[in-house]
Amino acid sequence: MAAPMHLGAWTLAMLLLGAENARAADTSPWYVPDHAAVQFAGSIGFLSAGPGWSFLEDALEASVLVGWAPPALAGEDFLTFTLKGQWRPFRIDTRGWTVRPLSVGLLLSYTAGDDYFAAKPDRYDDGYYWFRTALRPALTLGASAGRPVDALNLRLVEGYFELVATDYRLVQFVRNPATVNAGLFSLALGVKLRF
Amino acid sequence: MTLLLVFVGCGVFEFHPYELRGPPRDLHARSLARLKDAGPKPTFQFAVIGDMQLFLDDAAGAMRDLEQRNADFVIQMGDLTEFGSTQEYEWGVELLSRLPAPFFVVMGNHDALGLGQKLYRRTFGPESFAFEYSGHRFVFFDSNSREYGFPGNIPDLDWLGTALTPQPGLQRTFTFSHVPPGNGDFDDALIAPLEQLQADHGVSISFHGHVHQFTDTESRGVRYVTTEAMRHRSYLWVRVDGDAVQVERVTY
């Protein structure tokens, strides 16, 4: 069993509130988040949310997401913690919009609960399974577009999509391209608020 | 919004790798209903196919080969998946559903990873079950002892003893489980009791997967056969004809 369902929802709310409070001037220290994201799907929860830090004029960024999927939608309560790094090399400014036509990234998610293992349990010999069911690396490929929202004092409100290729999808795709084909990816949609 | 719902329905969105939604449900009950509808036959044949896990394209080849044959049903011997993820269950079920014949899937150790056991039950039904067809009995059980840390009741010999109880009119019994007795992942303490139980109840052939190779041995008068993983592009073709049973290793 994963953590009780209200914990996931509560954590999401606190992270969003925290990020909102952390909104600060450019002089704020590096560890104060400069954006917050809310994401739908993408193998890390029905909804996930968390703070993020960007560098090199938003071309490089890192975020921490807490994801939650309720039993009513996912058949079980899932609480997932994700580290995500992304590189967004291109930027197009047009008609008040800022478009990032490519983002490539890496993520690592951790699922809480006794049903999954992050370290090798004693019952297995070394190398019995070459992966850890609680740990899930993935590649992401996506794009985003955003514009400032002065009324909310937001530098940028950005919508994004991501194609997420989790480890098992990648491995199966490499070994079995004919069977997997488009199933290499699942889709995530999200919004980022940049302070 | 409508588009979003369509995408959600298509499985484009994944909430979690082990989410309990997606694959069809209760497939064994459906297969049993189809077998019952087909009615008994004095002579029948079934295919036993091995571990699919990372060999799905090879498994697709087996499905194409089996489409040319007139199998009454097909049994996959477990490790349908590598990670036990929902998506892999879906891929496996999609491949097996290409068969014109009803199919059954044994639960392998990989299929039990994460929430795999719940996924298995949801998709197929209980991991221990039995049915009768044309006067013969088919018994499936869970022998993935190591996956549960060798608790001493995997396989569940009490359940198995009941499932193997002799009945008048039954000609032959075949058993199916993923890990063969004697393998390191099978509970050492249960090897002799299982083999004795199967011998006492006159099991004809005990079929297994897991070892990825073809073996055909005998213990206490019971035949033990393992089938290769799909990467070897082979499966077993079993023909039951009155008093005779033939097991043939087919390559494709």
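So that the names make sense, note that chain A is the first sequence line, chain B the second, and so on, each numbered from 1. Just so we're clear, the structure is a prediction, and the values are computed from it rather than from any experiment.
For a residue to count as touching a neighbouring chain, one of its non-hydrogen atoms must lie under 4.5 Å from one of that chain's; by this rule B/Asn109 touches chain A with backbone and side chain alike. Residue B/Glu147 touches chain A through both its backbone and its side chain, counting heavy-atom pairs closer than 4.5 Å. Contact of A/Arg169 with chain B is made through backbone and side chain together, with heavy-atom distances under 4.5 Å. If you measure heavy-atom distances from A/Ser43 to chain B, the contacts under 4.5 Å come from both the backbone and the side chain. Of the two parts of A/Val180, the backbone and the side chain both hold a non-hydrogen atom closer than 4.5 Å to a non-hydrogen atom of chain B. Interface residue B/Glu88: only side-chain heavy atoms are found under 4.5 Å from chain A. Residue contact with chain B, scored on non-hydrogen atoms closer than 4.5 Å, involves the backbone and the side chain of A/Leu73 alike. Only the side chain of A/Ala69 comes within contact range of chain B, judged by heavy atoms closer than 4.5 Å. Heavy-atom distances place the backbone of B/Tyr148, and not its side chain, under 4.5 Å from chain A. The parts of A/Phe46 that come within reach of chain B are both its backbone and its side chain, each placing non-hydrogen atoms under 4.5 angstrom from that chain. No part of A/Pro121 comes within reach of chain B, as not one of its non-hydrogen atoms sits under 4.5 angstrom from that chain.
Considering B/Phe141, B/Phe140, B/Phe129 in turn, B/Phe140 is the only one that fulfils the ring pair (Phe, Tyr, Trp, His ring centres under 6.0 Å) rule with B/Phe176.
Smallest separation of non-hydrogen atoms from B/Phe207 and B/Val238: CZ-CG2, 3.8 Å. The shortest non-hydrogen separation linking A/Phe195 to A/Leu154 is CD2-CD2, 3.9 Å. B/Pro180 and B/Phe186 make their closest contact through O-CB, 3.6 Å (heavy atoms, listed as atom of the first residue, atom of the second, distance).
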Would A/Phe78 and A/Ile44 count as a side-chain contact (heavy atoms from CB on, under 4.5 Å) here? Give the steps.
CA-CA 9 Å; A/Phe78 295 104; A/Ile44 57 168; over 6 Å; no
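Geometrically, B/Arg249 does not engage B/Trp237 in a cation-pi contact, judged by NZ or CZ lying under 6.0 Å from the ring centre and within 45° of the ring axis. The cationic group of A/Arg100 does not satisfy the cation-pi geometry with A/Tyr160, failing either the under 6.0 Å distance to the six-membered ring centre or the 45° limit from the ring axis.
Contact count versus chain A (heavy atoms, under 4.5 Å) is highest, among B/Leu56, B/Thr86, B/Thr81, for B/Leu56. Of the listed residues B/Gly184, B/Ala59, B/Ser85, the one with more heavy-atom pairs under 4.5 angstrom with chain A than any other is B/Ser85. Comparing A/Tyr128, A/Phe117, A/Phe185, A/Tyr124 by heavy-atom pairs within less than 4.5 Å of chain B, the highest count is held by A/Tyr128.
Between the side chains of A/Thr98 and A/Arg91, not a single donor N or O lies within less than 3.5 Å of an accepting N or O.
B/Lys118 has a carboxylate O that lies under 4.0 Å from a charged side-chain N of A/Glu76, or vice versa, which qualifies the two as a salt bridge.
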